[in-house]
Amino acid sequence: MWDEFKSIKSGTKQLREFGLLVGGILVVLGIVGLWRGKAVYPCFLVPGALLVLAGVIAPRILTPLQKIWMGLALLIGFFMSRLVLTLLFYGVMTPIGFLMRLSGNDILDQRLDKKKPSYWLDRKEQNKPKASYENQY
């Protein structure tokens, strides 16, 4: 994760995009708050306008803010990906496995059978032209 943080690009283009995007979103939220009559609209409108202005005029001053923002995004992404994969595994795959066991299905043919002389599965012999060896899929 530290390597990803160190590889965050902070060129002028990326800083300008950061200022315009994040600032633009904050400005839009501030305008929506102003339109709806919410008292918190300056908390969005002022920082958003400052970010947009800094992104247009002097994007280099946004470097520390962009690093913090992207570091926070990496941290959130790290934990959310593990959370989503965990929920997917225990919420979807585990119940499917339990249902398969309860129904007696053995998709991978792993059930031991003492009467079988061998677990080798015979394949039908296929005569393929040599040209097909180049095209594996």
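- Each of Phe44 and Val28 belongs to its own hydrophobic cluster when Ile, Leu, Val, Met, Phe, Trp and Tyr are linked at side-chain heavy-atom distances under 4.5 angstrom.
- Note that CD1 of Ile96 is 12.0 Å distant from CG of Asn105, once rounded to the nearest 0.5 Å.
- Residues in residues 12-27 take part in these side-chain hydrogen bond (donor to acceptor under 3.5 Å, both in side chains) pairs, two or more places apart or across chains: Thr12-Arg60, Lys13-Glu17.
- Within the 4.5 Å cutoff, the side chain of Phe89 has no heavy atoms near those of the Leu85 side chain.
- The minimum heavy-atom distance linking Gly23 with Val52 is given by the pair C-CG2, 3.5 Å.
- No donor-acceptor distance shorter than 3.5 angstrom exists from the side chain of Ser132 to the backbone of Lys128, with no hydrogens or angles considered.
- A distance of 11.0 Å separates CG of Leu83 from CG of Leu88, quoted to the nearest 0.5 Å.
- There is no path of hydrophobic side-chain contacts, each under 4.5 Å, that joins Leu20 to Val46.
- Closest approach of Tyr119 to Arg111, counting heavy atoms only: CE2-O, 4.1 Å.
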Full working for side-chain contact (heavy atoms from CB on, under 4.5 Å) between Trp69 and Leu65: CA-CA 6 Å; Trp69 185 269; Leu65 189 60; 5.6 Å; no
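- Heavy atoms from other residues, nucleotides or ligands lying under 6.0 Å from OH of Tyr90 number 12 at most.
- Connection of Val92 to Met100 is established within a shared hydrophobic cluster, with ILVMFWY side chains joined at heavy-atom distances below 4.5 Å, either directly or through further cluster members.
- Closest approach of Pro42 to Pro47, counting heavy atoms only: O-CD, 3.6 Å.
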Applying side-chain contact (heavy atoms from CB on, under 4.5 Å) to Glu125 and Asn127, what does each step give before you reach the verdict?
CA-CA 7 Å; Glu125 190 173 316; Asn127 293 329; 4.0 Å; yes
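- By the rule that hydrophobic residues join a cluster once side-chain heavy atoms approach within less than 4.5 Å of another member, Val22 and Met70 end up as members of one cluster.
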- request: Would you check, one step at a time, whether the test side-chain contact (heavy atoms from CB on, under 4.5 Å) holds for Leu45 with Leu26?
  value: CA-CA 6 Å; Leu45 202 55; Leu26 289 175; over 6 Å; no
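- Under the 4.5 Å side-chain contact rule for hydrophobic residues, Met80 and Leu87 share a cluster.
- When all heavy atoms of Lys38 and Tyr41 are compared, the pair lying nearest together is O-CD2, 3.1 Å.
- Residue Leu29 forms a side chain to side chain contact (heavy atoms under 4.5 Å, CB included) with just one option from Val32, Val27, Ile25, Ile31, and that option is Ile25.
- The structure places OG1 of Thr63 at 11.0 Å from CD1 of Ile68, a figure rounded to the nearest 0.5 Å.
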